[in-house]
2 protein chains.
Amino acid sequence: MDRIDQQILSTLHDNARITISEMSRMIAMSQPAVTERLRKLEEQGIITGYRAEIAPSKLGKHTTAFVLFKSNKCKEFEAFGEAAPEIVDFYRTSGEYNYLLKVVTETSETLEAFLEACHAFGFSSTLVVLSTRFEDKSIVPSRSAAN
Amino acid sequence: MDRIDQQILSTLHDNARITISEMSRMIAMSQPAVTERLRKLEEQGIITGYRAEIAPSKLGKHTTAFVLFKSNKCKEFEAFGEAAPEIVDFYRTSGEYNYLLKVVTETSETLEAFLEACHAFGFSSTLVVLSTRFEDKSIVPSRSAAN
DNA sequence: CCTGAAAATATATCGCC
DNA sequence: GGCGATATATTTTCAGG
């Protein structure tokens with residue numbers, strides 16, 4: 001993991017569909033060399049995948065919420081969570097609540113219906129997202145810093 | 001947005017670096033037709049970008065937490081948030097807390113230091129992620145459903 | 001909107017340093 | 001590790017339905 005690998009990671013974090021040829025021009029390294037570095041970054045599990053970002057609102061999903069959940073029916077709740085299309089992210093957490101869910105629904109009414117369904121498994125506290133300041137900030141050390 | 005567009009979205013959600021040729025084979029449609037549909041999905045803002053997923057632990061970031069935050073110094077706190085490399089996601093929320101942050105740090109010690117820095121702007125409640133059951137479940141209606 | 005064909009790019013693979 | 005060269009694959013472009 002040197003500076004060049006960081007540049008590759010950073011570039012792909014910004015645009016995962018860039019061609020290797022274009023990256024090789026930006027980085028000033030040959031295309032086969034970039035291909036090989038990328039192969040190793042994937043092989044080492046540093047890059048775990050590539051995702052298209054899709055605007056929920058364009059698919060009619062206008063409500064995003066974080067649901068803190070307290071359940072002692074863990075097995076059942078996790079099975080429910082796997083199957084629930086509303087749950088986008090599903091974490092186990094420490095603290096008073098033992099789960100945190102990111103939930104995307106069409107409206108606040110469908111969010112309410114989802115929360116009702118959850119109440120078979122425990123208690124929840126919900127934070128509705130009013131706006132997103134930013135998402136997915138890169139965790140790769142920036143090129144400008146003294147690395 | 002017909003079934004074919006949904007297949008394209010779903011495929012790119014799973015692997016954003018797949019070639020259009022390969023998608024066209026999967027979908028049984030000519031490659032220029034898929035290219036044109038993809039161009040429109042991007043133009044309409046349905047696809048907002050493509051991201052490489054990078055494993056935080058492979059970059060030495062072993063602690064993930066969600067921080068609920070209550071601040072009345074909104075301008076200052078948001079400026080701080082933009083600049084803080086630890087904050088990956090930054091949301092404004094309804095309820096007792098007015099912000100929710102996803103924070104990725106090296107260790108629980110660096111998380112603690114980050115929380116100390118935050119306390120200049122208000123009060124926080126932190127949920128440390130113990131494990132991730134899943135992340136980024138697709139919001140695209142599945143192909144098997146009767147669409 | 002889609003297809004098919006041809007020209008322009010990009011990628012995989014190799015021998016070599 | 002990386003480079004250059006080349007064969008294969010992909011993308012872009014466009015005429016035609």
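This is a predicted model, so every value here is computed, not measured. Heavy atoms only: backbone and side chains are in, while hydrogens, waters and symmetry mates are out. Chain A is the first sequence line, chain B the second, and so forth, proteins listed ahead of strands; every chain is numbered from 1.
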Asks: Is the distance between the ring centroids of A:F66 and B:Y91 under 6.0 Å?
Replies: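 Between B:Y91 and A:F66, the centre distance is under 6.0 Å.
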Asks: Tell me which pairs pass ring-ring contact (aromatic ring centres under 6.0 Å, His included) where either residue lies in residues 9-31 of chain B, with sequence neighbours left out.
Replies: none
Asks: Reading DNA chain C in the 5' to 3' direction, which nucleotide is the first one with an atom under 4.0 Å from a heavy atom of chain A, and which is the last?
Replies: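 The contacted stretch runs from C:dA10 to C:dT13.
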Asks: Per the end-axis method with five pairs at each terminus, what is the bend angle of the helix from C:dC1-D:dG17 to C:dC17-D:dG1, to 10°?
Replies: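 One end's axis against the other's: 30°.
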Asks: Do the ring planes of B:F77 and B:F121 sit parallel (below 30°), tilted (30 to 60°) or perpendicular (above 60°)?
Replies: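 If you compare the ring of B:F77 with that of B:F121, the planes turn out tilted.
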Asks: Separation of A:R39 atom CZ from D:dG1 atom C1', in whole Å?
Replies: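 Going from CZ in A:R39 over to C1' in D:dG1 covers 12 Å.
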Asks: So which of residues 47-54 of chain A are in contact with DNA chain D, with a heavy-atom cut-off of under 4.0 Å?
Replies: none
Asks: Looking at every heavy atom in both A:D136 and B:D89, which two are closest together, and how far apart are they?
Replies: N-OD1, 2.7 Å
Asks: Output yes when B:K75 and B:E82 qualify as a salt bridge under the 4.0 Å nitrogen-oxygen rule, no when they do not.
Replies: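 Salt bridge absent between B:K75 and B:E82.
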Asks: For a quick check, with a 4.0 angstrom heavy-atom cut-off, what is the B/S/- contact string for nucleotides 2-13 of chain D, read 5' to 3'?
Replies: SSBB----SBBB
Asks: Quick one, B:Y99 with B:F90, criterion ring-ring contact (aromatic ring centres under 6.0 Å, His included). Give me CA distance, side-chain angles, the key distance, then yes/no.
Replies: CA-CA 7 Å; B:Y99 292 101; B:F90 194 165; 5.4 Å; yes
Asks: Kindly determine whether B:I47 and A:E53 satisfy side chain to side chain contact (heavy atoms under 4.5 Å, CB included), including the steps that lead there.
Replies: CA-CA 6 Å; B:I47 298 175; A:E53 288 207 322; 5.9 Å; no
Asks: Taking side chain as C-beta onward, heavy atoms only, is A:R92 less than 4.5 Å from A:Y97?
Replies: no
Asks: State, to 0.1 Å, how close B:G45 and B:T48 come at their nearest heavy-atom pair, and which atoms those are.
Replies: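 Taking B:G45 first and B:T48 second, the nearest heavy atoms are O-CG2, 3.6 Å.
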Asks: Supply the atom-to-atom distance A:T107 OG1 to A:H62 NE2, rounded to the nearest 0.5 angstrom.
Replies: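 A:T107 atom OG1 to A:H62 atom NE2 measures 9.0 Å (nearest 0.5 Å).
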Asks: Without placing hydrogens or testing angles, list every side-chain donor-acceptor pair under 3.5 Å for residues 27-36 of chain B, not counting sequence neighbours.
Replies:
{"unit_1": "B:S30", "atom_1": "OG", "unit_2": "B:A33", "atom_2": "N", "d": "3.4"}
{"unit_1": "B:Q31", "atom_1": "NE2", "unit_2": "B:T35", "atom_2": "OG1", "d": "3.0"}
{"unit_1": "B:T35", "atom_1": "OG1", "unit_2": "B:Q31", "atom_2": "O", "d": "2.9"}
{"unit_1": "B:E36", "atom_1": "OE1", "unit_2": "B:R39", "atom_2": "NE", "d": "3.2"}
{"unit_1": "B:E36", "atom_1": "OE2", "unit_2": "B:R39", "atom_2": "NH2", "d": "2.9"}

Asks: Working note: A:L12 + A:M23, criterion side chain to side chain contact (heavy atoms under 4.5 Å, CB included); need CA distance, chi angles, decisive distance, verdict.
Replies: CA-CA 9 Å; A:L12 287 171; A:M23 259 199 292; 3.9 Å; yes
